[in-house]
There are 2 protein chains.
Amino acid sequence: MSNNKVLPLAEPDSDAAAPCCPPLTERPFTADEAETAARMFKALGDPVRLRLFSAVASHEGGEACVCDISDVGVSQPTVSHHLKKLKEAGLLTSERRGTWVYYRVEPSVLAAMGKLLTIAPAAV
Amino acid sequence: MSNNKVLPLAEPDSDAAAPCCPPLTERPFTADEAETAARMFKALGDPVRLRLFSAVASHEGGEACVCDISDVGVSQPTVSHHLKKLKEAGLLTSERRGTWVYYRVEPSVLAAMGKLLTIAPAAV
DNA sequence: CGCATGCTTCGATAAATGTCTATGTTGACG
DNA sequence: CGTCAACATAGACATTTATCGAAGCATGCG
């Protein structure tokens with residue numbers, strides 16, 4: 001199916017975690033960089049997805065099954081739909097263990113997004 | 001002393017800059033928090049807006065007039081529309097000086113978003 | 001004045017998105 | 001097996017959004 005490769009995540013080199021782009025403040029983004037980065041921001045640009053993501057990210061052990069986090073005010077298929085989007089954006093990974101499917105955050109992507117938002121140190 | 005700091009984002013506690021929410025990893029977001037934070041992420045969730053924002057943020061002096069940044073492949077009214085969205089999201093401010101309108105980034109909001117993406121240091 | 005320039009606002013429209021119900025699929029269990 | 005529970009997929013529908021061209025406001029200048 002559509003198990004499209006997302007974001008070429010960073011290899012743990014030393015600092016890495018910058019799969020796509022420099023800080024937003026460093027230089028104007030190219031069209032390609034903007035396309036890539038926007039996909040990640042867009043994934044978090046929905047309140048339901050943000051709650052789901054936060055629920056997974058803050059859950060004990062760093063992972064949660066759908067049943068643990070599906071109380072966000074929308075139907076079960078909608079939850080599933082949003083989790084899929086988050087997965088496609090590279091923010092979450094999933095794994096089935098028996099009856100349940102567990103979701104887990106991809107920390108490197110989180111870090112990469114954080115870097116986008118840093119203020120260029122020597123600027124100003 | 002190499003920079004092995006895990007996430008050199010904004011200094012903790014250095015400035016407020018967090019008008020909305022704790023880090024995404026700290027605890028599950030409430031509906032209200034998610035609504036607020038999603039608005040900011042959504043503003044950066046469009047490639048054109050991301051390019052415009054990056055162009056302003058990286059422009060010399062920290063500000064740019066529309067004429068400096070409007071070469072992003074869409075019509076001028078569309079540029080204006082996106083700049084308005086960024087302003088409504090609190091990411092940019094604008095000021096008219098003579099013939100031109102200058103846009104400038106709101107650094108505290110940038111920092112606040114960065115904090116959302118930090119990994120909780122010693123959580124759990 | 002009158003006109004050119006920079007930017008915003010106004011409608012219109014096609015595409016994308018979020019949501020639902022209904023249905024599939026996969027695994028556990030008796 | 002048969003059935004139930006947990007998730008995922010499919011299709012439908014309403015709303016939002018990105019975009020454009022045209023028109024409207026300012027501001028500066030001759």
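Each chain gets a letter, A, B and so on, in the order its sequence line appears, and its residues count up from 1.
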Discussion item. Base, sugar-phosphate or nothing for A:T99? Non-hydrogen atoms, less than 4.0 Å.
Written reply: sugar-phosphate

| query | Under 4.0 angstrom, heavy atoms only, what part of the nucleic acid is A:R49 near: base, sugar-phosphate, or nothing? | reply | sugar-phosphate

Looking only at heavy atoms, the pair that brings B:P47 and A:A34 closest together is O-CB, 3.4 Å

Q) Would you say the side-chain atoms of B:S58 pair up with the backbone N or O of A:L24, donor to acceptor, closer than 3.5 Å? A) no

When you measure from the side chain of A:T36 to the backbone of A:D32, do you find a donor-acceptor pair of N or O atoms at a distance under 3.5 Å? yes

When you measure from the side-chain N and O atoms of A:H81 to the phosphate of D:dA10, is any distance below 4.0 Å, counting only OP1 and OP2? no

**Asked** Touch check for B:Y102, heavy atoms < 4.0 angstrom, all strands: base, sugar-phosphate only, or nothing?
**Response** nothing

Sorted by position of nearest nucleotide on DNA chain D, 5' first, the leading residue of A:T78 and B:V74 is A:T78

Using a cut-off of strictly less than 4.0 Å, decide whether B:K42 has a side-chain nitrogen or oxygen near OP1 or OP2 of D:dT17.
yes

* Asked: Does any N or O in the side chain of B:R97 come within less than 3.5 Å of the main-chain N or O of B:T99, such that one atom is a donor and the other an acceptor?
  -> no

Taken to the nearest whole Å, CG/B:L86 to P/D:dA18 is 10 Å

In terms of heavy-atom contacts, B:V101 and B:S94 come closest through CG1-CB, 4.1 Å

To the nearest angstrom, the NE2-P distance between B:H82 and D:dT17 comes to 12 Å

Min and max contacting nt of DNA chain C in 5' to 3' order, chain A heavy atoms within under 4.0 angstrom, are C:dT17 to C:dA28

(Q) If we ignore hydrogens and angles and just use 3.5 Å, is the side chain of A:R49 paired with the main-chain N or O of A:A43 as donor and acceptor? (A) yes

Of A:P77 and B:S94, the one whose nearest nucleotide on DNA chain C sits closer to the 5' end is B:S94

Rounded to whole Å, the CG-P distance (A:D68 to D:dA6) equals 11 Å

Among the nucleotides D:dT27, D:dC7, D:dA18, whichever has the atom closest to the side chain of B:R96 is D:dT27

When rounded to whole Å, the CZ to C1' distance for the pair B:R97 and D:dG28 reads 16 Å

Note: A:F29 and B:R51 closest approach over all heavy atoms is O-NE, 3.4 Å

Within the structure shown, what part of the strands sits under 4.0 Å from A:V79 by heavy-atom distance: base, sugar-phosphate, or nothing?
nothing

(Q) Classify B:K87 by what it touches in the nucleic acid, base, sugar-phosphate, or nothing, heavy-atom distance under 4.0 Å. (A) nothing

B:L50 atom CG is separated from D:dT17 atom P, nearest whole Å, by 17 Å

note: B:L83, atom CG; D:dA18, atom C1'; distance rounded to Å ~ 14 Å

When rounded to whole Å, the CH2 to C1' distance for the pair A:W100 and D:dC4 reads 13 Å

Taken to the nearest whole Å, CD/B:E95 to C1'/D:dA26 is 16 Å

Smallest heavy-atom separation, A:G45 atom then B:K42 atom, equals O-CE, 3.1 Å

